[in-house]
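First the structure, in the form of structure tokens, and then the observations on it.
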Amino acid sequence: MAILIEAFEGGPAQTIGYVVADDAGGPAVIIDAPLGTAAAMVEQAQQWQRSVAYLLTTHAHWDHVLDNARVIELTHAQYGIHPESVPLLEVPQTQMFGLDIPMRPIKPDLELRDGQTVAVGKLRLRVLDCPGHCPGSVALFEANERVVFTGDVLFAGSIGRTDLWGGDYETLLSSIRRKLVPLGDDVRVFAGHGPVTTIGQERQENPFLTGPNAG
């Protein structure tokens with residue numbers, strides 16, 4: 001089996017959402033829904049001749065969820081998010097950042113809790129609790145395909161910011177070291193911003209993991 005992954009960047013923060021499916025004809029999953037990406041992501045799934053079974057949110061910061069409602073309207077997919085991130089869906093985050101962009105909260109259908117597995121066709125996405133960037137932040141790991149979707153936990157050459165509500169620098173570094181680094185150097189990292197990287201590359205070269213900021 002191989003995995004199909006397409007990235008879609010949208011919104012003022014250049015946030016990346018992903019459409020993911022197996023290559024055996026199973027349904028697709030959308031991971032995060034930045035502003036202006038819903039239609040294109042659903043069209044990608046249709047090009048693969050797949051329905052969208054799930055919309056999963058890595059964390060509920062505004063730039064990752066602004067097209068949530070539109071995805072659900074187009075697909076009727078089940079919506080999953082960590083319960084500790086749900087309250088952020090009710091906060092007028094865009095107004096707090098000075099943006100005139102409405103947030104349309106939707107009700108979750110399933111909770112993404114640590115160790116839980118979401119089956120999407122032949123894919124098995126395991127939920128990894130990774131607090132530190134914000135409450136309820138998770139990564140989604142597919143062990144057979146050796147890929148992890150990290151949201152704003154780990155980026156190529158950087159890590160998520162910790163100066164927003166609920167953020168904590170030491171907690172974020174601990175999450176990366178305890179939950180992501182042990183996955184293995186070969187695991188490809190698909191983050192919420194920036195290019196694809198690997199655990200090995202970040203373990204060896206990311207200044208937050210190797211340099212004076214490493215803690």
Side-chain angles (χ1 to χ4, degrees), residues 2-11 13-21 29-34 37 56-65 81-82 84-85 112-118 120 123-164 166-215:
I3 191 169
L4 304 175
I5 303 172
E6 287 291 338
F8 294 84
E9 187 177 84
Q14 297 179 309
T15 307
I16 301 173
Y18 297 94
V19 185
V20 183
V29 55
I30 290 176
I31 300 174
D32 290 343
T37 62
L56 305 180
T57 291
T58 60
H59 66 291
H61 279 162
W62 63 270
D63 58 315
H64 292 257
V65 301
I81 186 173
H82 192 286
E84 290 184 15
S85 237
L112 301 183
R113 294 188 177 273
D114 191 50
Q116 174 188 351
T117 298
V118 181
V120 188
L123 302 178
R124 299 294 181 267
L125 294 171
R126 180 156 57 93
V127 179
L128 306 176
D129 244 342
C130 292
H133 174 61
C134 76
S137 182
V138 303
L140 300 166
F141 176 52
E142 216 298 329
N144 291 324
E145 298 300 322
R146 311 300 293 159
V147 299
V148 63
F149 300 89
T150 59
D152 284 2
V153 175
L154 178 66
F155 306 127
S158 190
I159 62 174
R161 62 189 294 183
T162 57
D163 60 333
L164 300 175
D168 183 81
Y169 180 75
E170 295 300 333
T171 299
L172 181 57
L173 286 181
S174 176
S175 292
I176 294 169
R177 294 190 180 282
R178 291 187 304 105
K179 294 298 184 71
L180 299 184
V181 171
L183 298 179
D185 284 355
D186 64 311
V187 170
R188 290 182 292 160
V189 175
F190 293 82
H193 305 271
V196 178
T197 183
T198 65
I199 294 293
Q201 182 174 336
E202 299 314 303
R203 183 180 61 80
Q204 297 170 19
E205 301 177 7
N206 191 309
F208 290 92
L209 302 180
T210 63
N213 294 318

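For reference, positions follow the sequence shown, starting with 1.
Atom CD1 of Ile16 and atom CG of Asp32 lie 10.0 Å apart (nearest 0.5 Å). Taken to the nearest 0.5 Å, the CG atom of Asp152 stands 11.0 Å off from the CD1 atom of Ile159. One finds the NE2 atom of His64 at 3.5 Å from the NE2 atom of His193 (value rounded to the nearest 0.5 Å). Distance check: Ile81 CD1 to Leu112 CG gives 7.5 Å after rounding to the nearest 0.5 Å.
Side chains of Ile3 and Arg188 form a contact here, defined as non-hydrogen atoms less than 4.5 Å apart. A heavy-atom distance below 4.5 Å is not found between the side chains of Val127 and Leu56.
His61 places no side-chain N or O within 3.5 Å of a backbone atom of Asp63 that could act as its donor or acceptor partner. Panel note: side chain Ser175, backbone Pro131; a donor-acceptor pair is recorded below 3.5 Å. In this structure, the side chain of Arg146 engages the main chain of Leu183 through a donor-acceptor pair within 3.5 Å. Side-chain atoms of Thr210 come within 3.5 Å of backbone N or O of Asn206 as a donor-acceptor pair. Under a 3.5 Å cut-off, the side chain of Thr198 and the backbone N or O of Val187 do not form any donor-acceptor pair. Side-chain atoms of Glu9 do not come within 3.5 Å of backbone N or O of Thr15 as any donor-acceptor pair.
Here the shortest heavy-atom pairing between Gly132 and Thr162 reads O-CG2, 3.6 Å.
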